[in-house]
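So that the names make sense, note that chain A is the first sequence line, chain B the second, and so on, each numbered from 1. Side chains included, hydrogens not; waters and symmetry mates left out as well; all remaining heavy atoms used.
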There are 2 protein chains.
Amino acid sequence: MAEKRKVTLKDIAKDLNLSPSTVSRALNGYPSLSEDTIQMVKEYAEKHNYVPNTMAVNFRKNRTSILGMIVPQIVHHFFSTTISGAMETAKKHGYSILLAQSYDLLKDEILASQYLLGMGVDGLLISVSNETKEADHLQAFVDEGKPVVQFDKVTDLLPGPKIEVDDFQGAYQAVTHLIRQGYRKIAHLSGRMEVKNAHERFLGYKKALEDHGLEFRESLVKNCFAISEDEGFEFTRELMESVEKPDALFCITDLVALGAMNYLKSSGYQIPTQIGLMGFSNWMLSEYTTPSLSSVDQFGYRMGSRAAEWMIELLKNQDMGQNETLEMKTELVVRGSSMRS
Amino acid sequence: MAEKRKVTLKDIAKDLNLSPSTVSRALNGYPSLSEDTIQMVKEYAEKHNYVPNTMAVNFRKNRTSILGMIVPQIVHHFFSTTISGAMETAKKHGYSILLAQSYDLLKDEILASQYLLGMGVDGLLISVSNETKEADHLQAFVDEGKPVVQFDKVTDLLPGPKIEVDDFQGAYQAVTHLIRQGYRKIAHLSGRMEVKNAHERFLGYKKALEDHGLEFRESLVKNCFAISEDEGFEFTRELMESVEKPDALFCITDLVALGAMNYLKSSGYQIPTQIGLMGFSNWMLSEYTTPSLSSVDQFGYRMGSRAAEWMIELLKNQDMGQNETLEMKTELVVRGSSMRS
DNA sequence: TTGAAAGCGGTACCAG
DNA sequence: CTGGTACCGCTTTCAA
């Protein structure tokens, strides 16, 4: 490792017969310095391609310009878009993002938090796990004066800035769309009711039915636990084999809808003519199924970007943020699986 | 921001009437220290939950324990798996990963490199962009004694450790499989021949044909430029409308295969009976199409993990690495789109 | 407008 | 086995 020593601020000072403080000031654009000095220093620095030592600056200023970010899983398309959005915005403001995954396990979320805190991040962007029923590990950030901005999946156990998807509205629109397409017995493959997003979607589903004069029936709702493709398949089988036999399915997530689609197709049902199908999240793959899957877009990129923006603003103002929530609207994406007309 | 001052090493030293050096040694498990001292220090540290200041340590040791990682796009499923693999392995060894994207543009790759270098990463893991025809920005890392490990898409312009997918073998196996399924006129939707992976896949395709006594024809090869779904659709149309009319398609990537599949289905072709279809990369969505798409798995997680491991070993040994290549085998994933028997 | 100097929190060398 | 101390590179008072 033939590491050639890099030129430091002191080197410049010595060579230019200035004090380190002057050089520092010149480079950082302080006022009250003669134009000549500034010119000279800048030129010299440029010529010897001086690069300030980030570690020294961080150390001195007691900040890293790094934001921690915890998501359940990077490989989930939605989260990868939020990451992408947060990264771009952060970079624009001179921040970088240190990532960690919780795998939707509280245990791993705690580990990740401690890890990021130890790395000295300036703040935390987090979408909490489904298991998160305590928030001491998040409070730890706040205790050290590091803001926490929650997004997508949030917990009220930690007051502070939150960005949520308007799941209620998204579900309401989706189900309303199904009703307008003429479907009348709309079932819902829901998630766990303790999980806020899932509950909101359920409520949106219910309200849409009621507002359009359709009866809500418990028997048309199935709770997925793992939110898996298999559950989509199995619950759809149960529903289609039951007396209720719905003519449309609104699924908590595209993956579940995919399972439903597989069951329906393998059992010879025609989508969307015989039965309509609707997912949620607008995964990349929804476009590529046959028929393509209608869904609800959550604007992951924008969400990540907003979270980062918010964080940076808090950091700039030395503020921990109020206990306020920003609701992000969703957008219905109508595709083949629900287009009867 | 009510940041309560944290206890430092010096605090401990003062309170315990020891020197900072002793405390440091005790905490870092140095030999030649009395058991008593170690005990005492550790207990005190524990009790006052002392946490070493990462920034100070980094600064002092002139390293960050952060690895830079540049991929074309995080949202690509394959890359998100490599990221995940690299992150887990890095964490296991006390390293974290700072991510950046090149969007397959040289310009952005250079920016990302400079950015990561400026952040003071200890080394770089990179899958280069398709445009990368020079490597000064990577050489810059080497010049500062920071190892660069390339993976997946690599350039020979920078000598050093590389992890490559054995694209040749993967393509060879894929095409051999098609031949065994009885397909005889196998077309190839290839990528840009200047891109190594694409070229290797092309060569594997060609060799498989030759080894099985089938004629290779230029007219059955179409070069995709953007590797897009649209190109898959269009080139498939061209092929199917030409006199050549293949009975199977081997596509450079699953996305292209998807485009091909869409054209074929919309034109009434039966897959896999009339025409066989094969992708490459084994994207998440390949499983969910109808029919499901045969593909070639590239083990992204393992690849990222190996890249990180390699890097950490280099770092440990203060080594920049030789100009050697690790070839990772692929695995054929046979699904509905190519299963005639 | 500039300089001198004190650290930030550790680590590691040199003594003892 | 332990202590003293210089110092990593930069920022920021305080003083001139």
Side-chain angles (χ1 to χ4, degrees), chain A residues 1 3-42 44-45 48-65 94 117-120 122 144-145, chain B residues 1 3-42 44-45 48-66 94 117-120 122 144-145 318:
Chain A
M1 316 249 272
E3 200 160 338
K4 56 181 170 191
R5 216 181 79 71
K6 296 211 286 182
V7 43
T8 74
L9 222 166
K10 284 177 184 169
D11 295 337
I12 301 184
K14 197 181 298 173
D15 287 10
L16 254 38
N17 276 320
L18 290 171
S19 75
S21 22
T22 307
V23 178
S24 170
R25 286 189 275 244
L27 259 17
N28 291 300
Y30 270 59
S32 85
L33 269 196
S34 82
E35 267 309 319
D36 290 355
T37 317
I38 295 182
Q39 267 307 317
M40 183 172 63
V41 171
K42 286 204 167 164
Y44 187 99
H48 295 72
N49 51 84
Y50 163 75
V51 182
N53 180 322
T54 323
M55 284 173 283
V57 177
N58 288 345
F59 173 47
R60 184 60 233 256
K61 294 203 176 161
N62 194 32
R63 58 175 182 71
T64 50
S65 296
L117 198 53
M119 288 299 299
D122 292 345
E144 293 202 19
Chain B
M1 313 250 270
E3 200 161 339
K4 56 181 169 189
R5 216 181 78 72
K6 296 210 285 184
V7 43
T8 73
L9 218 167
K10 285 176 180 167
D11 295 336
I12 301 183
K14 198 182 296 171
D15 288 10
L16 254 37
N17 275 321
L18 289 171
S19 77
S21 24
T22 307
V23 177
S24 172
R25 287 189 276 245
L27 259 17
N28 292 299
Y30 271 58
S32 83
L33 269 196
S34 81
E35 267 310 317
D36 289 357
T37 317
I38 295 182
Q39 267 307 317
M40 183 172 64
V41 172
K42 286 204 166 164
Y44 187 99
H48 294 73
N49 52 82
Y50 162 75
V51 183
N53 180 323
T54 323
M55 283 173 285
V57 177
N58 287 345
F59 174 46
R60 185 62 235 252
K61 296 202 175 160
N62 193 34
R63 57 174 183 73
T64 50
S65 296
I66 296 179
L117 198 52
M119 289 299 298
D122 292 346
E144 292 201 21
Q318 304 255 77

Could you state the atom-to-atom distance from [atom1] of [X] to [atom2] of [N] in whole Å?
X	N	atom1	atom2	answer
B:Arg63	C:dG10	CZ	P	14 Å
A:Lys10	C:dG3	NZ	P	16 Å
A:Asn17	C:dA4	CG	P	10 Å
B:Arg60	C:dA12	CZ	P	6 Å
A:Met40	C:dT1	CE	C1'	12 Å
A:Asn62	C:dG10	CG	P	11 Å
B:Met55	C:dT11	CE	P	14 Å
B:Asp11	C:dG10	CG	C1'	12 Å

Would you sort out whether A:Thr22 and A:Thr37 count as a side chain to side chain contact (heavy atoms under 4.5 Å, CB included), showing the intermediate values? CA-CA 8 Å; A:Thr22 307; A:Thr37 317; 3.9 Å; yes

From the list D:dC10, C:dC8, C:dG10, which nucleotide is the closest neighbour of the side chain of A:Phe59? C:dC8

Between A:Lys61 and B:Thr37, just flag the one whose closest nucleotide in DNA chain D comes earlier from the 5' side. B:Thr37

Please tabulate, for side-chain N and O atoms in residues 49-56 of chain B, each donor-acceptor pair with protein atoms closer than 3.5 Å (sequence neighbours left out).
| from | atom 1 | to | atom 2 | distance (Å) |
| --- | --- | --- | --- | --- |
| B:Asn53 | OD1 | B:Met55 | N | 2.8 |
| B:Asn53 | OD1 | B:Ala56 | N | 3.0 |
| B:Thr54 | OG1 | A:Gly118 | O | 2.2 |

Measure across [X] and [Y] and return the closest heavy-atom pair with its distance rounded to 0.1 Å.
X	Y	value
A:Thr64	A:Gly120	OG1-O, 2.7 Å
A:Ser65	A:Gly94	CB-O, 3.7 Å
B:Met40	B:Leu18	CE-CD1, 3.9 Å
B:Ala13	B:Ser19	CB-C, 3.8 Å
B:Leu9	B:Pro20	CD2-O, 3.4 Å

Taking A:Asp11 for the side chain and A:Thr8 for the main chain, is one N or O donor matched with an acceptor at less than 3.5 Å? yes

For residues 18-26 of chain B, which residues have at least one heavy atom under 4.0 Å from DNA chain C? B:Ser21, B:Ser24, B:Arg25

Within-4.5 Å side-chain heavy-atom neighbours: B:Met119 and B:Ile66: no

Does a side-chain N or O of [X] approach OP1 or OP2 of [N] to a distance below 4.0 Å, or not?
X	N	result
B:Asn28	C:dT11	yes
A:Tyr50	D:dG9	no
A:Tyr30	D:dT13	no

Where each residue is assigned the nucleotide of DNA chain C containing its nearest heavy atom, which of A:Ser34 and B:Ala56 is assigned the position nearer the 5′ end? A:Ser34

Rounding to 10 degrees, work out the angle separating the end axes of the helix from C:dT1-D:dA16 to C:dG16-D:dC1 (five pairs an end). 40°

